[in-house]
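Protein chains get the first letters and strands the later ones, always in sequence-line order, with residue 1 at the start of each. The figures that follow rest on heavy atoms only: side chains count, while hydrogens, waters and symmetry mates do not.
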Amino acid sequence: MLDVKFVRDNIELVRRMLANRQSDLDLEPLLQLDETRRRLLIDVEEKKHRRNVASEEIARLKKDKKDGSSLVAQMKELGLEIKAIDSRLGEVEHEFMEFLLNIPNVPHESVPVGKDEKDNPQIRTWGQKPVFDFEPRPHWEIGESLGILDFERGAKIAGARFTLYWGAASALERALICFMLDTHTRRHGYTEVLPPFIVNSASMRGTGQLPKFKDDLFKLDGWDYWLIPTAEVPVTNIHSAEILEEAMLPLSYAAYTPCFRSEAGSHGKDTRGLIRQHQFNKVELVKFTRPEQSYDQLELLLANAEAILRELGIHYRVILLCTGDMGFSSAKTYDIEVWLPGQNTYREISSCSNFEDFQARRANIRFRQKGRNRTQLVHTLNGSGLAVGRTLLAILENFQREDGTVVIPEVLRPYMGNMKVIQRGAMS
RNA sequence: GGAGAGAUGGCCGAGUCGGCUGAAGGCGCUCGCCUGCUAAGCGAGUGUAGGGGGUAAACCUCUACCGAGGGUUCGAAUCCCUCUCUCUCCGCCA
């Protein structure tokens, strides 16, 4: 959520920002609502002041055994007026908030203006595409022939976009989760947390999923409960409505959670394999920082996420999302795209963003700074470190061998009983 | 699921028959003083959000907030209703 005062004072900048984001949102209604809101506020507050003064007067009269009935009658009338204005104000304020909640974040000045993903500049690459002396296969073929990925039964149990893992695949998934968490906590200094996988509407609003992206979420029937689409939601909301001490910052949390996404609007897209599932595992990195350090922390977060792929030895590239391709809440986003030889393409495996104070304002996350008598909003950041299912499929595709077996990266072997190669029937 | 208790400022904790209570008292914290150092002591200060004024700062002023929402009343932390959460006991259960 943007600061109304900021919008009011920088209206042209905000309009330009919306255009750069390919949004045609008209800000005029917001300015109107803001003006109405403030007008009503001035009016009702003045009336409340009068009532407060009169109430004291009535108390005094009563104490002195004098008659205050005419003043009481006046105040009764004024009370009705106040009630009427208050109710009107409530409506206006509600509309005003809804509008504000639907305005995306302002991109950082270092974000290139662009229309769509074709305008995203590449920042760097790491490693190289592996060379095969045979035709590399996509992971769904590898997984099925090894008997470790069961798409048919996943669909039978739940439906499309659900997969049953067997034996070595489930062990590999588990190994990846542990490896990622261990790396981030022991080497990168993150604090591990295990949050609820279900959250309420307030939390979803805090990070920006609601009200705008309701259709992308799974809701529990009859409850104010939603399945989390990412650990970003519960973890960022850990500190909602809190005032943090400056000395605590930056806070860095790492969390493993499953993620649930309805994938509405992507029918027919990525229907094969593990790429786009309704349920997948992810290790998420979340940071709370002082405003002036958030961009340094974004670089660090990105490097922390990249470290996982480097340790695994998988080629990837980092791209910077242009204004037209960025997420709603983000001010700047880097995507890490992993190389998938079986599909001859790069696919997003991590998205690292600085939200600046956009989420902090929604979720009301502040900190107190020495020498200042006002609280300030923190900056929040997060990034996948990494999407586990996609990491698993990247391993299958990058480390496959002609005989259909898959070599397990060295760093994961301690987590898998020193297994070196996944073979058909292994652990299943 | 049944029965009961509770929710007040960073923390603990008081609020009598509704009326200068944004809220006593204590702890903590900040600044200053004092003292070889530390500790102790003394003095002052110390919530959040929004609106208006003021040069965007300092500051002044108003409004709201004692779990959330609604009601009664001229006036509610205090009375009534609904909801949420926490705790205790019983039942059930991984």
Side-chain angles (χ1 to χ4, degrees), chain A residues 1-11 13 30-101 194-206 220 222-226 234 237-249 251 288 291 357 360-378:
Chain A
M1 187 168 74
L2 302 181
D3 181 1
V4 211
K5 285 182 209 148
F6 176 83
V7 178
R8 221 187 281 149
D9 298 342
N10 300 276
I11 188 71
L13 187 149
L30 179 82
L31 299 177
Q32 291 290 325
L33 285 164
D34 181 41
E35 217 180 293
T36 309
R37 172 183 147 265
R38 282 189 292 158
R39 207 188 59 232
L40 291 170
L41 214 46
I42 291 167
D43 188 19
V44 80
E45 285 188 356
E46 184 272 331
K47 287 186 162 73
K48 282 180 180 170
H49 177 56
R50 258 163 53 203
R51 182 175 66 182
N52 287 345
V53 171
S55 289
E56 274 177 45
E57 177 64 18
I58 290 165
R60 232 186 336 267
L61 290 172
K62 234 178 146 178
K63 217 168 100 189
D64 299 346
K65 308 265 190 241
K66 288 186 189 156
D67 178 41
S69 57
S70 83
L71 195 51
V72 170
Q74 277 177 46
M75 286 308 107
K76 193 169 185 128
E77 186 126 335
L78 187 64
L80 292 174
E81 285 176 45
I82 289 171
K83 206 168 193 172
I85 302 167
D86 255 342
S87 114
R88 172 85 187 108
L89 182 63
E91 289 167 23
V92 172
E93 215 128 58
H94 178 77
E95 246 185 284
F96 171 77
M97 272 309 278
E98 283 302 301
F99 201 105
L100 213 49
L101 285 170
L194 182 63
F197 304 158
I198 292 175
V199 298
N200 57 31
S201 298
S203 293
M204 285 292 188
R205 206 162 27 245
L220 270 68
W223 297 75
D224 180 34
Y225 281 159
W226 306 77
N237 279 287
I238 287 174
H239 295 299
S240 66
E242 288 184 17
I243 301 174
L244 305 170
E245 289 304 322
E246 185 180 13
M248 296 164 70
L249 303 176
L251 286 168
F288 300 80
D357 62 13
R361 185 171 295 105
R362 289 173 164 245
N364 194 16
I365 309 170
R366 293 163 292 166
F367 75 101
R368 208 185 303 278
Q369 194 168 27
K370 273 196 180 150
R372 281 213 184 194
N373 43 19
R374 284 186 63 79
T375 59
Q376 279 192 85
L377 294 166
V378 300

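Taking a pair to require two hydrogen-bonding distances under 3.5 Å in either a Watson-Crick or a G-U wobble arrangement, B:G1 pairs with B:C90. In this structure, B:G69 forms a base pair with B:C81, meeting either the Watson-Crick or the G-U wobble geometry with both donor-acceptor distances under 3.5 Å. The partner of B:C20 cannot be assigned: no Watson-Crick or G-U wobble pair with both contacts below 3.5 Å exists in any strand. Base pairing annotation: B:A76 forms no Watson-Crick or G-U wobble pair, as no partner gives both donor-acceptor distances under 3.5 Å. Pair assignment for B:U63 gives B:A49, based on Watson-Crick or G-U wobble hydrogen-bonding distances that are each under 3.5 Å. Remark: B:C27 base-pairs with B:G10; criterion is Watson-Crick or G-U wobble with both hydrogen-bond distances under 3.5 Å. Base pairing of B:C42 is made with B:G32, judged by Watson-Crick or G-U wobble geometry with both donor-acceptor distances under 3.5 Å.
Taking atom C1' in both B:A64 and B:G69, the straight-line distance is 15 Å, to the nearest Å. A distance of about 30 Å separates the P atoms of B:U21 and B:U30, rounded to the whole Å. For the C1' atoms, the distance linking B:G15 with B:G71 amounts to 23 Å, nearest Å. A distance of about 16 Å separates the C1' atoms of B:U63 and B:G75, rounded to the whole Å. Distance check on atom C1': B:C60 versus B:C85 gives 40 Å, rounded to whole Å. Nucleotides B:U46 and B:G51 place their C1' atoms 24 Å apart, quoted to the nearest Å. Taking atom C1' on both nucleotides, B:G91 is separated from B:C83 by 25 Å, rounded to a whole Å. Rounded to a whole angstrom, the distance from the C1' atom of B:U84 to that of B:A24 is 30 Å.
The A:Thr375 side chain lies nearest to B:U48 when the options are B:G51, B:U48, B:G19. In this structure, the nucleotide among B:U48, B:C74, B:G50 sitting nearest to the side chain of A:Leu41 is B:G50. Side-chain proximity of A:Ser55 to B:G75, B:G50, B:U48: nearest is B:G75.
Both A:Ile58 and A:Arg366 lie near RNA chain B, and the one whose nearest nucleotide falls closer to the 5' end is A:Arg366. Annotation: of the two residues near RNA chain B, A:Glu93 and A:Met75, the 5′-most nearest-nucleotide partner is A:Glu93.
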Considering only nitrogen or oxygen atoms on both sides, find all protein atoms under 3.5 Å from nucleotides 62-65 of chain B and state each distance.
unit_1: B:C62; atom_1: O3'; unit_2: A:His49; atom_2: ND1; d: 2.8
unit_1: B:U63; atom_1: OP1; unit_2: A:His49; atom_2: ND1; d: 2.9
unit_1: B:U63; atom_1: OP1; unit_2: A:Asn52; atom_2: ND2; d: 3.0
unit_1: B:A64; atom_1: OP2; unit_2: A:Asn52; atom_2: ND2; d: 3.4

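Rounded to the nearest 0.5 Å, atoms CZ (A:Phe288) and CD1 (A:Ile238) are 6.0 Å apart. Between atom CG of residue A:Asn200 and atom CH2 of residue A:Trp226 there is a gap of 11.0 Å, rounded to the nearest 0.5 Å. The distance from atom NZ of A:Lys66 to atom CD of A:Glu57, rounded to the nearest 0.5 Å, is 8.5 Å.
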| said: Could you go through A:Arg39 and A:Asp43, starting from their C-alpha distance and side-chain angles, then the distance that decides it, and tell me whether this counts as salt bridge (charged side-chain N to carboxylate O under 4.0 Å, His left out)? | reply: CA-CA 6 Å; A:Arg39 207 188 59 232; A:Asp43 188 19; over 6 Å; no

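A sub-4.0 Å separation between OP1 or OP2 of B:U72 and a side-chain N or O of A:Lys83 is present. A:Arg38 has no side-chain polar atom (N or O) that falls below the 4.0 Å cut-off from OP1 or OP2 of B:G50. Look at A:Arg368 and you'll find a side-chain N or O under 4.0 angstrom from OP1 or OP2 of B:U48.
Between A:Leu71 atom CG and B:G19 atom C1' the separation is 14 Å, expressed in whole Å. The separation between A:Asp224 atom CG and B:G69 atom P is 16 Å, rounded to whole Å. Remark: P of B:C74 and CD of A:Glu57 are 16 Å apart, rounded to the nearest angstrom. Atom CG in A:Asn10 sits about 15 Å away from atom P in B:A56, given to the nearest Å. We find that CG of A:Asp34 is positioned 11 Å from C1' of B:G51, with the value rounded to whole Å. Remark: C1' of B:A49 and CZ of A:Arg361 are 13 Å apart, rounded to the nearest angstrom. Following rounding to the nearest Å, A:Glu56 (CD) and B:A76 (P) show an atom-to-atom distance of 12 Å. Here B:G53 presents its P atom at 7 Å from CD1 of A:Ile42, a figure rounded to the nearest Å.
Applying the side-chain hydrogen bond (donor to acceptor under 3.5 Å, both in side chains) rule to A:Glu98 yields no partners; only residues at least two apart in sequence or on another chain are considered.
For the pair A:Asn237 (side chain) and A:Ser203 (backbone), a donor-acceptor distance under 3.5 Å is present. For the pair A:Asp67 (side chain) and A:Ser69 (backbone), a donor-acceptor distance under 3.5 Å is present.
With a 4.5 Å cut-off on side-chain heavy atoms, A:Gln376 and A:Glu246 do not count as touching. Counting heavy atoms from C-beta outward, A:Arg8 and A:Lys5 have side chains that approach closer than 4.5 Å.
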Kindly list each side-chain donor-acceptor pair under 3.5 angstrom involving residues 72-96 of chain A, sequence neighbours excluded, with atom names and distances?
unit_1: A:Asp86; atom_1: OD2; unit_2: A:Lys48; atom_2: NZ; d: 3.2
unit_1: A:Glu93; atom_1: OE2; unit_2: A:Arg37; atom_2: NE; d: 3.1

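Contacts of A:Lys62 with the nucleic acid, taken as non-hydrogen atoms under 4.0 Å apart, include base atoms. Contacts of A:Arg60 with the nucleic acid, taken as non-hydrogen atoms under 4.0 Å apart, are absent.
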